[in-house]
Amino acid sequence: MGTTTRVFNFAAGPAVLPLPVLEEAQRDLVALPGVGMSILEISHRSKTFEAVIQECEANLRKLAGIPENYHVLFLQGGATMQFSMAPMNLLAAGETADYIITGSWGKKALKEAKKVGAINVAFTAEADNFSRVPKQQELKLTPNAAFVHLTSNETIHGIEFHALPDVGNVPLVVDTSSHMLSRPIDIKKYAMIYAGAQKNIGPAGCTLVILRDDMLKKAQANPAYGKLPIMLQYGQHVEDKSLHNTPPVFAIYIMKLVSRWLLDLGGLEAMEKINIRKADKVYAEIDRTGFCRGHAKKEDRSRMNVTFRLPNEALEEKFVKESKAAGLDGLKGHRSVGGLRASIYNAFPEEGVDALVAFMREFERKNG
Ligand SMILES: *Cc1c(COP(=O)(O)O)cnc(C)c1O
């Protein structure tokens, strides 16, 4: 295989990026047009980078319809840092936060939040091997909770909330890492959103945080707020426009290019149509006979991370090996759940989905 031949990359994250984005970054890597320096070499205080981060934010605001009373931040430490940072800022002494657990990432968020304050597990699907989201009546919500946290797409189990639960007036704090910008999003329903860039928005190294201003104000009114390390105070990042210290310049530059690519494509409505079509193709093949078994309950299936099993582990191993040889990379399921997983994010090409479906059919014909 030549060095410039691209395989179909089904990895869960870091994941496939739009080819035009990679090509533009490659073309301009040595010298940004009109600047004469690489994006990897410029100051984060330069006019050039200021324009990059401002355009990135403006594009994201346009794509997701982010209202003025929400701050947009570009932070480091991954979505994992937000597992701690969100409760450290938003959960005061004497308050309780509710956590809805539908997979491994929610479980990790819960573990960190418990170190910070009082947490109520409002629901967990662990007994069902994380194969579904809760029904409204299953939620054991705390009246006047500080916030409700959930993971709107569980990357490892392939579970997606297709509608948000009703939590009344309690603020919703949501980890949208693995499906951010894959579909239209009604920001007003959220008090805070966070998403590691490396699934659907860009490369590793940057986490997008969208925070409603009243949440910030409430955090800042808490006497304990000032004791937080400066890098863990949302307010400092708001004040410094994500430039309190050196931000991940290159990651933000790529996010700008990805957001442009999405706008050119027609925005999130257009992106969603493509994503539905892609996911439907794979799930139709999974359901075609009894050979494959989808992991998630049908109505909770993720459009981004398609998880499924074959009749036995030996066949799954064979599938991974042979699909890789056929140019379909990264189909092995996460080590904690096994089986197979096809991550088909925004940038994953539809031809790759067609190639996967054809491969699945042929694999079943030979081994079924
Ligand atoms: C990948 C992922 C994370 C962890 O992201 P990091 O940036 O590696 O910290 C958290 N939540 C979800 C839903 C993820 O998919």
Side-chain angles (χ1 to χ4, degrees), residues 9-17 73-88 99-115 123-126 130-134 147-162 164 172-183 185 190 192-210 231-232 237 242 247-248 250-252 254-255 258 275 279 295-296 300-307 330 332-337 341-348:
N9 176 7
F10 291 90
V16 61
L17 285 162
L73 300 173
F74 302 95
L75 305 184
Q76 299 185 68
T80 303
M81 178 68 94
Q82 298 308 310
F83 295 167
S84 305
M85 196 167 165
M88 286 168 94
Y99 274 64
I100 297 172
I101 314 297
T102 52
S104 303
W105 291 114
K107 237 179 114 169
K108 287 193 173 154
L110 170 70
K111 192 173 170 200
E112 296 311 305
K114 279 180 167 168
K115 296 177 187 170
F123 171 82
T124 174
E126 189 154 20
F130 295 128
S131 57
R132 65 187 189 93
V133 306
F147 61 84
V148 175
H149 180 280
L150 62 87
T151 312
S152 51
N153 187 74
E154 279 286 357
T155 322
I156 291 173
H157 295 87
I159 306 299
E160 185 168 5
F161 279 86
H162 292 285
L164 289 172
L172 256 183
V173 173
V174 182
D175 176 359
T176 66
S177 292
S178 48
H179 72 164
M180 189 65 193
L181 306 184
S182 71
R183 55 197 295 163
I185 179 165
Y190 302 77
M192 180 182 146
I193 288 169
Y194 62 94
Q198 73 273 23
K199 310 296 172 30
N200 229 350
I201 327 178
C206 185
T207 307
L208 174 68
V209 170
I210 302 171
M231 285 298 286
L232 300 182
H237 295 295
S242 305
F250 185 71
I252 295 168
I254 297 290
M255 288 165 78
V258 170
N275 285 331
H295 172 75
D300 303 331
R301 285 172 162 178
S302 168
R303 292 176 188 159
M304 297 284 101
N305 311 101
V306 180
T307 46
K332 192 173 167 49
H334 189 274
R335 60 191 184 281
S336 66
V337 277
R341 171 176 55 173
S343 294
I344 47 173
Y345 296 117
N346 285 354
F348 190 87

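We count residues from 1, following the sequence as given. Whatever order the structure lists them in is the order used to number ligands and atoms, beginning at 1.
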Contact table, ligand 1 N/O with protein N/O, distance under 3.5 Å:
unit_1, atom_1, unit_2, atom_2, d
ligand 1, 7 (O), Ala79, N, 3.1
ligand 1, 7 (O), Gln198, NE2, 2.9
ligand 1, 8 (O), Gln198, NE2, 3.4
ligand 1, 9 (O), Ala79, N, 3.2
ligand 1, 9 (O), Thr80, N, 2.9
ligand 1, 9 (O), Thr80, OG1, 2.5
ligand 1, 11 (N), Asp175, OD2, 2.6
ligand 1, 15 (O), Thr155, OG1, 2.4
ligand 1, 15 (O), Lys199, NZ, 2.6

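- Ring orientation note: the planes of Phe348 and Phe10 are tilted relative to one another, at an angle of 30° to 60°.
- Here Met180 contributes atom CE and Asn200 contributes atom CG; the two are 9.5 Å apart, rounded to the nearest 0.5 Å.
- Side chains of Lys107 and Glu126 form a contact here, defined as non-hydrogen atoms less than 4.5 Å apart.
- In terms of modelled atom types and a separation under 3.5 Å, the side chain of His295 and the main chain of Ile159 share no donor-acceptor contact.
- Checked by atom type, the side-chain pair Asn305/Ser343 shows a donor-acceptor distance below 3.5 Å.
- Atom NE2 of His179 and atom CD of Glu154 lie 10.0 Å apart (nearest 0.5 Å).
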